[in-house]
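Here's the structure, in structure tokens; my notes come after.
Values in this document were obtained by computation on a predicted structure and should not be read as measured data.
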Amino acid sequence: QVQLVESGGGLVQAGGSLRLSCAASGRSISNYAMGWFRQAPGKERNFIAAITWNGGSTSYADSVKGRFTISRDNTKNTMYLQMNSLKPEDTAVYYCASRRSPWITWARGEYDYWGQGTQVTVSS
């Protein structure tokens with residue numbers, strides 16, 4: 001089993017930056033792909049970004065491409081999401097996830113483990 005805990009959310013003004021972290025415990029995630037999703041009130045949980053087991057490949061939703069950067073440090077069993085140029089429409093609960101495969105997927109149902117989420121609020 002893998003336990004995931006997100007941190008780093010908060011309130012920020014439009015144009016600002018935040019860095020989210022996702023710390024894993026229970027076992028090493030070094031062989032697992034990881035992803036970030038977000039869910040705004042009344043909406044579905046949507047894919048944002050994903051990274052392969054070794055960080056060699058990443059993928060982003062169009063809505064965040066060029067503004068967000070996903071990364072990981074397998075020595076720390078941790079994944080990150082650097083969010084720049086934040087917009088009010090980025091406001092949501094952000095979730096990290098991992099899957100028992102080295103490879104990226106955008107499909108929410110393909111992820112095996114989820115964190116509890118961290119709130120990001122961007123004011124205009």
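- With hydrogens and angles ignored, the 3.5 Å screen pairs no side-chain donor or acceptor of Asp73 with any backbone N or O of Thr78.
- The side chain to side chain contact (heavy atoms under 4.5 Å, CB included) test applied to Asp112 returns Arg99, Arg100, not counting sequence neighbours.
- At a cut-off of 3.5 Å, with distance as the only test, a side-chain donor of Thr52 or Asn54 sits close to an acceptor on the other residue.
- Note on Val12 and Trp36: same hydrophobic cluster, where clusters join Ile, Leu, Val, Met, Phe, Trp and Tyr whose side-chain heavy atoms are under 4.5 Å apart, directly or indirectly.
- With Met83 as reference, Val120 is the one residue of Thr69, Val120, Ile48, Val64 to meet the side-chain contact (heavy atoms from CB on, under 4.5 Å) rule.
- Asp90 pairs by the side chain to side chain contact (heavy atoms under 4.5 Å, CB included) definition with Arg38, Arg67, Phe68, Leu86, Lys87, Tyr94, Val122, not counting sequence neighbours.
- Between Gln3 and Tyr113 the shortest side-chain heavy-atom distance does not fall below 4.5 Å.
- With sequence neighbours left out, Phe37 forms a ring-ring contact (aromatic ring centres under 6.0 Å, His included) with Phe47, Tyr111, Trp114.
- In terms of the salt bridge (Lys or Arg N to Asp or Glu O under 4.0 Å) criterion, Glu89 has no residue partners (sequence neighbours excluded).
- Cation-pi geometry between Arg45 and Tyr95 is met: under 6.0 angstrom from the ring centre, within 45 degrees of the axis.
- Atom CG of Leu81 is separated from atom OG1 of Thr118 by 11.0 Å, given to the nearest 0.5 angstrom.
- By the 4.5 Å heavy-atom criterion applied to side chains, Met79 and Cys96 are counted as neighbours.
- With rounding to the nearest 0.5 angstrom, the OG atom of Ser101 is 10.0 Å from the CG atom of Asn31.
- Residues Ala24 and Leu4 share a closest heavy-atom pair of CB-CD2, 3.6 Å.
- Put simply, Trp106 and Met34 are part of two different groups of oily side chains (I, L, V, M, F, W, Y) that touch within less than 4.5 Å, one to the next.
- Put simply, the side chain of Asn74 reaches to within 4.5 Å of the side chain of Arg72, judged on heavy atoms.
- Residue Ala33 comes nearest to Ile104 through the heavy atom pair CB-N, 4.2 Å, listed as atom of the first residue, atom of the second, then distance.
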Exercise. Given the rule in the side-chain contact (heavy atoms from CB on, under 4.5 Å) test, do Tyr32 and Arg27 qualify, once you have shown the distances and angles that lead to the verdict?
Worked result: CA-CA 11 Å; Tyr32 291 178; Arg27 63 153 290 156; 3.3 Å; yes
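- Residue pairs meeting the side-chain hydrogen bond (donor to acceptor under 3.5 Å, both in side chains) criterion with at least one member in residues 7-18, sequence neighbours excluded: Ser17-Asn84.
- In the hydrophobic cluster analysis, where Ile, Leu, Val, Met, Phe, Trp and Tyr join through side-chain heavy atoms closer than 4.5 angstrom, Tyr80 is grouped apart from Trp53.
- Inter-residue side-chain proximity for Val2 and Ile29 is flagged as met; some heavy-atom pair is nearer than 4.5 Å.
- Glu6 places a side-chain N or O within donor-acceptor distance of the main-chain N or O of Gly117, the cut-off being under 3.5 Å.
- Counting all heavy atoms, side chain and backbone alike, Ser124 lies closest to Ala14 at CA-CB, 4.3 Å.
- Once rounded to the nearest 0.5 Å, the distance linking CG of Asn77 with OG of Ser28 reads 5.0 Å.
- Looking at heavy atoms from C-beta onward, Gln119 lies out of side-chain contact with Leu11 at the 4.5 angstrom threshold.
- With sequence neighbours left out, Lys65 forms a salt bridge (Lys or Arg N to Asp or Glu O under 4.0 Å) with Asp62.
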